[in-house]
Amino acid sequence: MIRAALFDLDGTLLDRRQSLESLISDQYERYTGHFTEIEKNEYCTRFIQLDNNGYTWKDKVYTTLLNEYNITTLTADQLLHDYITEFKNHCIPFPNMHELLQQLQNQNIAIGIITNGFTEFQMNNLCALQLHTYTNTILISEAEGIKKPHPAIFERALQQLNVTAKECIYVGDHPENDVIGAENAGITAIWKRDSFWEGFEHSRVARDLLEVLFFYKVKL
């Protein structure tokens, strides 16, 4: 019997691509006087390319951007600070996120989140999406001192929810950090499909978050 559901954040509950596009578009407008040599669409497109789905940290992204377009009136640190400060104001959830979590909550399913990243930044994003209103536990790698895909962070979440691995499902978009990581901890994993990982295949796939309910019911 399933008693708990664990989720990744970025790319699973948070539509990071849309959120990032919103932030970068707004950032360009606010700093437009410094970007005289680059049009808005080009700036946004190049940022997305360099960001590499979040796997290149932003100090390197901004340093590369400023060098490529010979922008000398801003520093990478200034833009990075702006990114860290403003991202929470642009957080966009995937469709049906609230509906899924509400249905699970109504059925007394404990809900937890395991995310890699910096504690304050991720907590700001979690609160922006109001995820703290659904969750029984939140584990962020910086605060925990361990990150996915290490099984210990999954096991720590199970302990905090007071459930066994067989009583839990895990939903995430990253093939290794999420799917394989959860399965190595003995948890049934559901892959939240992400075209960035188009070469990955899995037997349990959710294209829409509400499809998670199908796998949850199958496990009951």
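The pair Asp51-Arg16 meets the salt-bridge criterion, with a side-chain N (NZ, NE, NH1 or NH2) lying under 4.0 Å from an Asp/Glu carboxylate O. Between Asp178 and Lys192 there is no salt bridge, since none of the side-chain N atoms of the basic residue sits less than 4.0 Å from a carboxylate O of the acidic one.
Side-chain contact between Thr135 and Leu126 is absent, with no heavy-atom pair separated by less than 4.5 Å. Side-chain contact between Asp26 and Asn89 is absent, with no heavy atoms from C-beta onward closer than 4.5 Å. The closest side-chain heavy-atom distance from Leu131 to Leu101 is below 4.5 Å. Contact annotation: the side chain of His81 never approaches that of Asp77 to less than 4.5 Å [non-hydrogen atoms, C-beta and beyond]. Here the side chains of Leu161 and Arg3 are not in contact, with every heavy-atom distance at 4.5 Å or above.
Using a distance-only test at 3.5 Å, with no hydrogens or angles considered, no donor-acceptor pair links the side chain of Asp82 to the main chain of Gln78. Without hydrogens or angle criteria, Glu142 side chain to Thr119 main chain gives a donor-acceptor distance under 3.5 Å. Proximity of a side-chain donor or acceptor of Thr12 to a complementary backbone N or O of Asp173 within less than 3.5 Å is detected.
No more than 12 heavy atoms of other residues, nucleotides or ligands shown are found within 6.0 angstrom of CD on Glu37. The number of heavy-atom neighbours closer than 6.0 Å to CD of Glu39, taken from other residues, nucleotides and ligands shown, is 12 or below. The 12-atom threshold is exceeded at NE2 of His132, counting heavy atoms of other residues, nucleotides or ligands nearer than 6.0 Å.
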Exercise for review: In sequence, state the C-alpha distance, the side-chain angles, and the governing distance for Asp10 and Gln122, and then conclude on side chain to side chain contact (heavy atoms under 4.5 Å, CB included).
Suggested key: CA-CA 9 Å; Asp10 297 310; Gln122 293 294 60; 3.1 Å; yes
Practice item. Show your working on side chain to side chain contact (heavy atoms under 4.5 Å, CB included) between Trp197 and Val179 and close with a plain yes or no. Key: CA-CA 12 Å; Trp197 309 105; Val179 177; over 6 Å; no
Exercise for review: Could you go through the side chain to side chain contact (heavy atoms under 4.5 Å, CB included) check for Asp8 and Tyr170 one step at a time?
Suggested key: CA-CA 8 Å; Asp8 169 53; Tyr170 180 90; 3.4 Å; yes
Practice item. Show the numbers, then the answer: is there a side chain to side chain contact (heavy atoms under 4.5 Å, CB included) between Phe35 and Lys40? Key: CA-CA 8 Å; Phe35 297 135; Lys40 181 177 180 179; over 6 Å; no
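Distance check, rounded to the nearest 0.5 Å: NZ of Lys147 to OG of Ser141 gives 6.0 Å. Remark: Asn116 CG to His150 NE2 distance equals 12.0 Å, nearest 0.5 Å. Between the CD1 atom of Ile109 and the CD atom of Gln103 there is a distance of 11.5 Å, given to the nearest 0.5 Å.
Annotation for Leu14 and Ser19: closest pair CD1-OG, 3.4 Å, computed over non-hydrogen atoms. Of all non-hydrogen atoms in Leu13 and Met97, the two that sit nearest each other are O-SD, 3.7 Å. Between Ala185 and Phe154, the shortest heavy-atom distance links the atoms CB-CB, 3.7 Å. For Cys91 against Asn125, the heavy-atom pair with the smallest separation is SG-OD1, 3.5 Å. Shown here for Gln105 and Ile111, the closest heavy-atom pair between the two residues is N-CD1, 4.2 Å.
Residues passing the side-chain hydrogen bond (donor to acceptor under 3.5 Å, both in side chains) test with Thr64: none are found, sequence neighbours excluded.
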Cut-off 3.5 Å, no hydrogens considered: what does the side-chain donor-acceptor table look like for residues 202-209, sequence neighbours left out?
from, atom 1, to, atom 2, distance (Å)
His202, ND1, Arg204, N, 3.1
His202, ND1, Arg204, O, 3.2
His202, NE2, Glu183, OE2, 2.7
Arg204, NE, Ala189, O, 2.8
Arg204, NH2, Glu183, OE2, 3.3
Arg204, NH2, Ala189, O, 3.4
Asp208, OD1, Asn96, ND2, 3.1
Asp208, OD1, Leu210, N, 2.8
Asp208, OD2, Asn96, ND2, 2.9

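Sorted by first and then second residue, the ring-ring contact (aromatic ring centres under 6.0 Å, His included) pairs with a member in residues 97-129 read Trp57-Phe118, Tyr83-Phe121, Phe87-Phe121, His98-Tyr134; sequence neighbours excluded.
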